[in-house]
Participant: 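I have a structure I would like to understand better, so I am pasting it below and will then ask my questions one at a time.
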Amino acid sequence: MKIARVLAREILASGGMPSVEVKVTLDSGAVGVASVSYGASAGSKEAAVLHDWDKHRYGGKGMLKAVDNVNNILSQVVVGMDAEDQRAIDETLIREDGTEKKSNLGANAILGVSMATARATAISQNLALHQYLQKVFNIPLPAEKTGGKLRLPKPMAVLIEGGKHADNSTDLQEYILAVTREQAAKKNVQMMEEIYQALKNILKRDGRSINVGNEGAFAPEGIADNELPIKYIVQAIGEAGYEAGVDAGVALDAAASEFYKDGKYELKTENKILSASELMDMYLAWQDQYPLVSWEDMFSEFDWDYWAKFKVKSKIPVVADDLTVTNVALLQKAINHKVADAILIKLNQAGTVTETVDCCLLANQHNFLTIPSHRGGGETNDTFLVDLAVAVGSQWIKVGPTRGERVCKYNRLMEIEEQLN
Ligand code: 2PG
Ligand code: MG
């Protein structure tokens with residue numbers, strides 16, 4: 001089965017700014033379409049998003065160059081290649097770019113081709129994408145590890161957001177409802193959305209705004225401390241009729257690189273500048289008070305020392321995102337330095353499907369949790385990350401609770417469950 005045609009176009013992502021969509025057609029006639037997302041609070045070592053920097057279009061953020069790179073350069077090298085050899089295709093794409101961060105042709109161009117090829121080939125083989133990914137990358141069936149039952153990831157839904165994802169909200173970027181109950185995905189999704197609605201009522205009662213941020217999470221203004229949102233979510237779990245600490249708990253993503261300045265952490269809402277050690281004390285006090293499930297990026301990506309110190313004291317998984325940016329070498333470093341227990345997985349941080357899967361497999365080998373995630377700034381309606389999560393046996397997927405580009409992920413999850421049954 002060979003790649004016959006590759007065609008890219010500029011589309012809009014969730015923030016109303018451009019992204020890239022790629023359509024790959026195989027000689028079997030199968031067509032795969034994929035679109036690429038990008039973040040608002042990106043890690044410094046992520047694969048590069050190529051923008052046009054033409055000030056007359058979208059303030060410089062157009063993606064016509066990346067589109068051209070697909071149509072005129074990448075298509076030339078992959079047309080005629082064996083579509084079933086995803087690894088060879090991705091290696092070819094990486095070689096054609098030739099830079100460490102894919103900054104020459106753009107990870108937004110490269111990843112679109114990579115994802116669309118996988119999807120077209122899955123369709124051609126009449127397999128669900130998650131089944132095809134397991135097959136083509138020879139992933140040990142997660143079902144074998146879980147007594148014959150394929151594990152479906154549980155929702156980690158951002159319910160309150162601040163930082164770079166919303167104006168005038170909290171310093172910490174995300175307060176996440178992490179479902180902990182092992183039950184049907186459909187029930188987990190229902191529970192998560194009921195808790196979201198309960199939270200809406202609580203915020204209204206408290207006279208707070210129920211406007212939402214980038215990811216469809218509430219972004220109330222005027223919250224004077226970074227702890228209150230945890231209390232709100234715990235309360236919402238109870239008011240929705242569930243038990244905090246049993247059915248669900250709270251996961252935090254501080255995205256702390258965003259408020260790290262000159263070796264200190266600036267909490268604007270609290271009018272405080274904290275040392276790393278003071279920040280750690282604040283976090284550790286929370287873990288004794290609340291049903292917390294995990295911590296993500298609680299220290300800056302440049303503060304490896306404190307990551308290590310924090311991990312020793314933490315009772316719950318420490319998740320690396322900006323620190324490791326879905327990069328095998330950085331994950332290996334995180335494993336060696338014992339700074340985390342879990343890795344957030346974002347296809348566009350890596351820039352090809354193969355590199356993303358390799359990262360998940362390395363994580364699995366070292367008993368690191370993998371948490372495939374949406375992006376904050378420019379998410380699309382693509383649901384690839386859900387199939388990826390199922391294929392590699394992820395415990396959770398991190399996706400916002402509302403807005404079309406988020407709920408399509410939960411809809412895909414429930415669809416997979418229906419198909420498996
Ligand atoms: C994160 C993500 C997604 P962004 O930090 O985990 O929630 O945000 O895509 O803006 O990096
Ligand atoms: Mg993060």
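In each ligand, atom 1 is the first atom listed, and ligand 1 is the first ligand listed.
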Participant: With heavy atoms of His374 as the reference, note each atom of ligand 1 found under 4.0 Å away.
Facilitator: 3 (C), 7 (O)
Participant: Does Lys333 count as lying over the ring of Trp304, i.e. NZ or CZ under 6.0 Å from the six-ring centre, within 45 degrees of the axis?
Facilitator: yes
Participant: Measuring from the Mg ion (ligand 2), name the closest N, O or S atom belonging to Asp321.
Facilitator: OD2
Participant: Strictly under 2.8 Å, is the Mg ion (ligand 2) approached by any N, O or S atom of Asp297?
Facilitator: no
Participant: Quick one: look at Asp253 and ligand 1, take heavy-atom pairs under 4.0 Å, and tell me if it's side chain, backbone, both or neither.
Facilitator: side chain
Participant: Taking the six-membered ring of Tyr132, is NZ or CZ of Lys135 closer than 6.0 Å to its centre and within 45° of its axis?
Facilitator: no
Participant: Within the distance-only criterion (no hydrogens, no angle test), does the side chain of Thr170 pair as donor or acceptor with the backbone N or O of Leu172 below 3.5 angstrom?
Facilitator: yes
Participant: So is Arg375 polar-close to ligand 1, meaning N/O to N/O under 3.5 Å?
Facilitator: yes
Participant: Which residue owns the protein heavy atom closest to atom 6 (O) of ligand 1, what's the atom, and how far is it?
Facilitator: Lys398 NZ, 2.7 Å
Participant: With a heavy-atom distance limit of 4.0 Å, tell me whether Leu344 approaches ligand 1 through its side chain, its backbone, both, or neither.
Facilitator: side chain
Participant: I'd like to know if Glu379 contacts ligand 1, where contact means a heavy-atom distance under 4.0 Å to any ligand atom.
Facilitator: no
Participant: Ring-plane angle category for Tyr283 and Trp286, please: parallel below 30°, perpendicular beyond 60°, tilted otherwise.
Facilitator: tilted
Participant: Suppose we measure from atom 3 (C) of ligand 1 to each protein heavy atom; which comes out shortest, and what is that distance?
Facilitator: Glu215 OE2, 3.2 Å
Participant: When only distance counts, is Ala255 in polar contact with ligand 1, meaning an N/O pair under 3.5 Å?
Facilitator: no
Participant: Just wondering, is there an N, O or S atom on Asp253 that's nearer than 2.8 Å to the Mg ion (ligand 2)?
Facilitator: yes
Participant: In this structure, does ligand 1 have an atom that sits under 4.0 Å from one of the heavy atoms of Gln173?
Facilitator: yes
Participant: For atom 9 (O) of ligand 1, which candidate among Gly376, Gly378, Ser257 provides the closest heavy atom?
Facilitator: Gly376
Participant: Could you check whether Lys65 pairs with Asp54 (Lys NZ or Arg NE/NH1/NH2 to Asp/Glu carboxylate O, under 4.0 Å)?
Facilitator: no
Participant: State, with a plain yes or no, whether a side-chain heavy atom of Val319 is found less than 4.5 Å away from one of Phe368.
Facilitator: no
Participant: Give me the ring orientation class for His51 and Tyr38: parallel if the planes are under 30° apart, tilted from 30 to 60°, perpendicular past 60°.
Facilitator: perpendicular
Participant: Got a sec: is Asp322 within less than 2.8 Å of the Mg ion (ligand 2) via an N/O/S atom?
Facilitator: no
Participant: Glu296: which N/O/S atom is nearest the Mg ion (ligand 2)?
Facilitator: OE2
Participant: Would you mind telling me if ligand 1 is within reach of the side chain of Lys346, the backbone, both or neither, using heavy atoms under 4.0 Å?
Facilitator: side chain
Participant: Would you say Asn336 has more than 12 foreign heavy atoms packed within less than 6.0 Å of its CG?
Facilitator: yes
Participant: Would you check the N or O atoms of Ala40, main chain and side chain alike, for any that come under 3.5 Å of an N or O of ligand 1?
Facilitator: yes
Participant: I'd like to know if the side chain of Asp297 and the backbone of Ala254 have a donor-acceptor N/O pair within less than 3.5 Å.
Facilitator: no
